[in-house]
Amino acid sequence: MGSSPFNFLEQKILKKLRIFIILFLSCITDRTNLFSRHPFPAQKVAPHLSSSNITSPLKALSLHGHLSFDIVHYASHDFGNRYHSVPLAILHPLSVLDISSTIKYVFDMGTSTKLTIAARGHGHSLQGQAQAHQGIVIAMESLKGPKMQVHTGKLPYIDASGGELWINILHESLRYGLTPKSWTDYLHLTVGGTLSNAGISGQAFLYGPQINNVYQLEVVTGTGEVVICSENQSADLFYAVLGGLGQFGIITQARIALEPAPRMVKWVRVLYSEFSTFTKDQEYLIASDTSFDYIEGFVIINRTGLLNNWRSSFNPKDPIQANQFISDGRTLFCLEMAKYFNPDESNIIDEQVEELLSALGYIPSTLFISEVSYRDFLDRVHVSEMKLREKGLWEVPHPWLNLLVPKSRIDDFAKEVFGNILIDTSSGPILMYPVNQSKWNNRTSMVTPEEDIFYLVAFLFSAMPSSTGKDSLEHMLAQNKRILDFCEMSHLGVKQYLPHYSTREEWRAHFGPKWEAFVQRKVTYDPLATLAPGQRIFPKAMPFQ
């Protein structure tokens with residue numbers, strides 16, 4: 001816990017000033033031009049930010065790690081590969097105190113500086129969310145201490161750094177026969193990164209997102225204060241930071257819930273030709289008390305060589321029927337399911353899987369089953385990453401669009417999007433699966449549709465930089481805009497996951513009834529709007545252009 005450097009009277013005066021500044025900013029349209037809206041924008045460096053009166057005091061900070069002012073360009077790139085904002089410096093922290101001291105230094109400068117600070121994990125942001133134009137980027141993966149600690153017992157958990165990768169947490173917890181309950185599909189992401197958003201995968205229908213499976217956090221606020229928070233201690237900050245897009249503090253440590261780990265996974269894929277049957281079966285499975293442990297859906301649009309690409313290393317239940325299946329260029333829907341087990345439960349699991357499948361209406365000839373280790377199943381996307389890297393197709397623009405669609409409007413959404421907007425091809429996976437609202441904690445900053453069941457629909461496209469056709473960035477961005485325009489005009493009640501907006505009015509609409517609380521939390525925990533400038537929610541006051 002930190003202590004304020006000001007006396008009581010000074011705190012009251014500053015608090016009133018900060019409230020005025022933030023409330024003023026929250027009511028105006030964001031017309032600042034900190035970030036270009038075009039791919040690969042050329043950034044101009046503001047002269048005063050790179051002057052010695054800024055860098056010299058920063059260089060004089062007493063740190064366990066170090067600040068880099070020369071090799072900084074890598075922090076202007078991310079997985080989205082569209083927005084590039086060059087920072088002034090990169091902090092490589094070796095302790096939480098390094099982060100606290102740096103933030104406190106900027107905070108103590110008050111409104112006289114435009115310096116901002118962003119936490120960068122594994123660089124998997126999509127639209128510059130972890131960038132800080134001429135500010136300070138904190139390389140969170142440098143924060144390796146304290147070492148991960150697994151605590152066994154009735155309520156087991158693991159304490160891990162906010163810069164730790166989930167794949168490392170998996171490896172460490174498995175050493176004790178334990179595992180986190182909820183995951184993302186891709187494990188080479190940092191703890192702080194996913195907890196600042198939500199962390200969603202095929203287990204979310206059962207356990208909720210990752211932000212619902214955390215007992216405690218250590219957070220450095222926008223004033224430099226280090227706070228331990230949980231449901232019972234500094235609860236407002238705890239829930240603010242979870243799903244808070246980095247706006248209220250930097251997660252430096254998390255206490256993550258664990259459970260006994262299985263050793264094996266029965267991995268099943270089936271296909272549907274009718275959308276209504278596909279969604280009906282998904283909703284049936286997430287409502288069942290004895291369902292699969294993982295459930296996700298995919299939309300497959302007119303793929304050539306469908307089965308050869310789709311089944312991967314899966315074995316068809318009936319090879320003869322599988323070879324006779326012809327897609328005829330149809331849009332098909334894939335249901336992917338997994339049942340966890342230990343080797344001595346193999347026969348029982350086979351019976352359970354058969355019983356669950358018997359209630360579903362998939363195309364019988366498209367039943368494919370594989371059996372893999374629990375570790376390999378969870379890290380399955382990394383295999384695809386390695387293949388794409390070999391082909392030079394990983395570091396390309398990724399104009400991803402992630403939406404949460406209410407169950408009551410999913411048919412309308414699918415009819416327009418898959419019937420009119422995306423009708424001929426797609427350049428990446430399209431995920432589509434339902435989750436239960438009851439598994440999400442509405443006290444966090446995360447925003448979801450206001451229905452008991454809603455669908456995650458994720459368009460995970462990759463653009464070819466030199467293309468001008470349907471696999472070009474411009475074409476995919478135009479498709480995304482058509483989808484978003486349709487959702488807005490049709491009043492579907494859709495919410496963006498990993499949201500990205502250009503104006504304050506859009507952010508206000510996104511948060512809806514939570515907006516005022518979101519603003520007040522910003523006032524409380526980051527009063528000078530120093531943190532997470534790449535989200536473009538609360539830019540620091542600067543001349544309008």
Side-chain angles (χ1 to χ4, degrees), residues 78-81 121-126 141 164-174 179-195 197-207 209-210 213 256 261-262 264-269 292-300 303 308-314 334-340 368-402 426-433 435 456-463 497-498:
D78 58 23
F79 183 70
N81 204 10
H122 206 50
H124 209 73
S125 296
L126 296 173
E141 286 188 86
E164 194 65 74
L165 296 180
W166 283 99
I167 183 65
N168 296 333
I169 290 176
L170 173 64
H171 292 162
E172 182 66 16
S173 60
L174 285 179
T179 176
K181 299 177 181 180
S182 190
W183 296 97
T184 55
D185 287 325
Y186 182 65
L187 303 190
H188 295 253
L189 306 170
T190 58
V191 169
T194 65
L195 295 183
N197 290 281
I200 307 175
S201 184
Q203 301 90 358
F205 80 95
L206 191 59
Y207 292 112
Q210 290 182 316
N213 294 278
I256 302 158
M264 300 297 295
V265 174
K266 189 75 71 173
W267 193 359
V268 183
R269 285 180 178 176
F292 290 94
D293 298 295
Y294 160 98
I295 298 169
E296 286 193 2
F298 300 85
V299 181
I300 304 173
R303 296 283 180 85
N308 289 332
N309 293 325
W310 167 78
R311 69 186 180 187
S312 183
S313 59
F314 284 65
C334 169
L335 182 55
E336 182 176 60
M337 301 153 286
K339 193 74 173 174
Y340 305 155
F368 290 80
I369 298 180
S370 182
E371 196 169 291
V372 297
S373 73
Y374 180 69
R375 188 194 307 260
D376 288 346
F377 172 73
L378 290 180
D379 200 28
R380 62 197 178 280
V381 177
H382 188 57
V383 177
S384 299
E385 175 190 349
M386 294 298 98
K387 292 179 180 179
L388 290 172
R389 284 189 182 278
E390 289 176 2
K391 298 177 181 178
L393 298 177
W394 183 255
E395 295 180 358
V396 298
H398 294 96
W400 287 11
L401 178 64
N402 297 271
S426 64
S427 298
I430 302 174
L431 307 186
M432 185 173 184
Y433 56 88
V435 293
L456 170 71
V457 185
F459 303 91
L460 309 182
F461 295 162
S462 299
Y497 176 56
L498 310 177

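When reading the values below, keep in mind they use all heavy atoms of this one structure, side chains included, and skip hydrogens, waters and symmetry mates.
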Atom [atom1] of [X] and atom [atom2] of [Y]: how far apart are they, to the nearest 0.5 Å?
X	Y	atom1	atom2	result
Arg269	Phe298	CZ	CZ	6.0 Å
Asn168	Thr190	CG	OG1	11.0 Å
Lys181	Gln203	NZ	CD	12.5 Å
Asp379	Ser373	CG	OG	9.5 Å
Asp376	Glu371	CG	CD	12.0 Å
Gln210	Asn197	CD	CG	10.0 Å

Query raised in the report: Between Phe79 and Trp400, how do the two ring planes meet: parallel, tilted or perpendicular, split at 30° and 60°?
Result: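 Judged by the thresholds at 30° and 60°, the geometry between Phe79 and Trp400 is perpendicular.
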Report task. If the plane angle is over 60° it's perpendicular, under 30° parallel, otherwise tilted; pick one for Tyr186 and His188. Result ->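 Tyr186 and His188: tilted rings.
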Query raised in the report: With distance as the sole criterion, is a donor-acceptor pair present between the side chains of Trp166 and Thr184 under 3.5 Å?
Result: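 No, no side-chain donor-acceptor contact under 3.5 Å.
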Query raised in the report: Within a strict 4.5 Å, meaning less than it, do heavy atoms of the Asp78 and Leu126 side chains meet?
Result: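 No, every pair of side-chain atoms sits at 4.5 Å or beyond.
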Query - Side chains of Ile200 and Asp185 in contact at under 4.5 Å (non-hydrogen atoms) - result: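 No. Closest side-chain heavy atoms not under 4.5 Å.
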Report task. State, to 0.1 Å, how close His398 and Ser462 come at their nearest heavy-atom pair, and which atoms those are. Result ->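 So the minimum-distance heavy-atom pair works out to CD2-OG, 3.2 Å.
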Query raised in the report: Counting distance only, does the side-chain N/O of Asp293 pair as donor-acceptor with the main-chain N or O of Tyr340 below 3.5 Å?
Result: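 Present.
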Query - Derivation of the side chain to side chain contact (heavy atoms under 4.5 Å, CB included) call for Tyr294 and Trp183 - result: CA-CA 10 Å; Tyr294 160 98; Trp183 296 97; over 6 Å; no
**Report entry** Check against side chain to side chain contact (heavy atoms under 4.5 Å, CB included), Leu187 and Leu378
**Finding:** CA-CA 8 Å; Leu187 303 190; Leu378 290 180; 3.9 Å; yes
